[in-house]
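Naming convention: chains lettered A, B, ... in sequence-line order (proteins, then strands); numbering from 1 in each chain. The structure displayed is predicted, hence computed values, not measured ones.
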Number of protein chains: 2
Amino acid sequence: MPEPRSRRDRPAKPPLSRQWIIDTTIGIMRREGLGKATMRRVAKELDTGPASLYVYVRNTAELHAAVIDELLGAVTVQEQGDWQDRLLALVTDYRTILAAHPGLARSALVIRPSGPHLLALFDRAMGLFIEGGVDPAQAAWGVDLLLLTATASAAEHAEPEDGDVDADTDAPAKCDAMAEAVRAAEAPLLAEHVDAVLGGTPQGRWTWYFRAQIAGIAATPTSND
Amino acid sequence: MPEPRSRRDRPAKPPLSRQWIIDTTIGIMRREGLGKATMRRVAKELDTGPASLYVYVRNTAELHAAVIDELLGAVTVQEQGDWQDRLLALVTDYRTILAAHPGLARSALVIRPSGPHLLALFDRAMGLFIEGGVDPAQAAWGVDLLLLTATASAAEHAEPEDGDVDADTDAPAKCDAMAEAVRAAEAPLLAEHVDAVLGGTPQGRWTWYFRAQIAGIAATPTSND
DNA sequence: ACCTGAACACCGTTCAAGT
DNA sequence: ACCTGAACACCGTTCAAGT
């Protein structure tokens, strides 16, 4: 017996490539959330020190961007329905992926990922707009706007982190606080239309956001001022 | 001489109230960015330990939310122009405040602030929509959408943190990377309309986002499915 | 009752030194 | 050349103990 195996049965040594780092990060994120997928934690999982990761990724933000693009590889391509239905399916897919894991959408907003999968998605969305007869310039900015909204909406509705405080206080307390604040503040219109403001399911809201934006994008020419 | 004064000439002792904590946090943020406005840093500025702050604020997120609402007190009310012009001025003001300090918009997206100043802003925006003859239900969701876009847009275009890497690499490298990625990826439409995709000033884009959304909001009824 | 020192359990990133 | 131990300079939050 030359030496006892460390921990469990590890085959020789992990390769430690960029892809392996990304996959490990995704694994941790799926199990414990993006908040736990830190450099130090990923390094530990890879049986090395955090410094080693910097050979393959520039920093934490770049690693998270790579994770996002990797996950974006899972967006499906809807073949049925008209261009608007297919565009809705595409953007909803994008949003669902970002909303599934806390922090992912927040990261996407900050680091502006531009990996191959996002570009492919952008290209498909542009294609659907153009198929719908929308001017390419409007289509380009329209896709930007749609993805911005999808990302922001995902950031808002992302499930809370694993170790989150007061899960029960979530919805009721928020409504109470809102209702109380509305009454306390000088917000007569909010008070009057409180049902409209707070009403609707997240799903219904998202669909309406999409439809409203599609209508506006198609109808609003890009000015040259 | 009973005892030597600590550091510089401090008058007796700071009051250490919630408002004083918020003001101190804003001061640090203005000078060094939100990233530096940590519990520990604020406590140090207040000549106490971080634990003391928890008597007045629940946690870092709540403190940052309070800071945002405080800053939102500075939104001006435009009196000239039609309802769309005034709404644009209002939402642009909101966006400008969030974009001025890095991290602020990012925080706003996560913590969903609902302080009195935000509620007042929401109420004013609703009022302008209703003045424009927009259905209240559409107005309510419309304001939500507009603020979501403004916040997300601010998060994207926020000035980089004080201690930021490669400022020169910013715009050119981003364009190069984008252009290269477009060529490398299978993104023919992106490649064809690259000028439209990357074109326009942030200001011009924001105005177009606003106009497109206004048009869509006014034209899209909230369905009851 | 109100406040806080000290501790707990973490971070990202760098760099000199090793193989 | 490639890799990394150890250090640097931080974090948020809690809680037992003090006044």
Any Thr48(B) side-chain N or O less than 4.0 Å from OP1/OP2 of dT4(C): yes
Tyr56(A) side-chain N/O to dC3(D) phosphate OP1/OP2 under 4.0 Å: yes
Donor-acceptor contact present, side-chain [X] to main-chain [Y], <3.5 Å:
{"X": "Asp144(A)", "Y": "Val197(B)", "result": "no"}
{"X": "Asp93(A)", "Y": "Val75(A)", "result": "no"}
{"X": "Trp141(A)", "Y": "Ala196(B)", "result": "yes"}
{"X": "Arg205(A)", "Y": "Gly199(A)", "result": "yes"}
{"X": "Arg18(A)", "Y": "Tyr56(A)", "result": "yes"}

Counter-base of dC8(D), judged by Watson-Crick or G-U geometry with both distances under 3.5 Å: dG12(C)
Complementary nucleotide for dA1(D) - Watson-Crick or wobble, under 3.5 Å: dT19(C)
Gap in Å between the two C1' atoms, one belonging to dA17(D) and one to dA1(C), rounded: 14 Å
Whole-angstrom distance between dA9(C) and dC8(D), as gauged at atom P: 22 Å
Arg106(A) side chain near Leu34(A) side chain, heavy-atom distance below 4.5 Å: no
Separation of dT13(D) C1' from Arg58(B) CZ (nearest whole Å): 14 Å
Side chain of Tyr54(B) - closest among dC3(C), dT4(D), dG12(D): dG12(D)
For nucleotides 7-11 of chain C, give me every protein contact, N/O to N/O, under 3.5 Å, one pair per line with atom names.
residue	atom	partner	partner atom	Å
dC11(C)	OP1	Thr38(A)	OG1	3.1
dC11(C)	N4	Arg40(A)	NH1	3.4

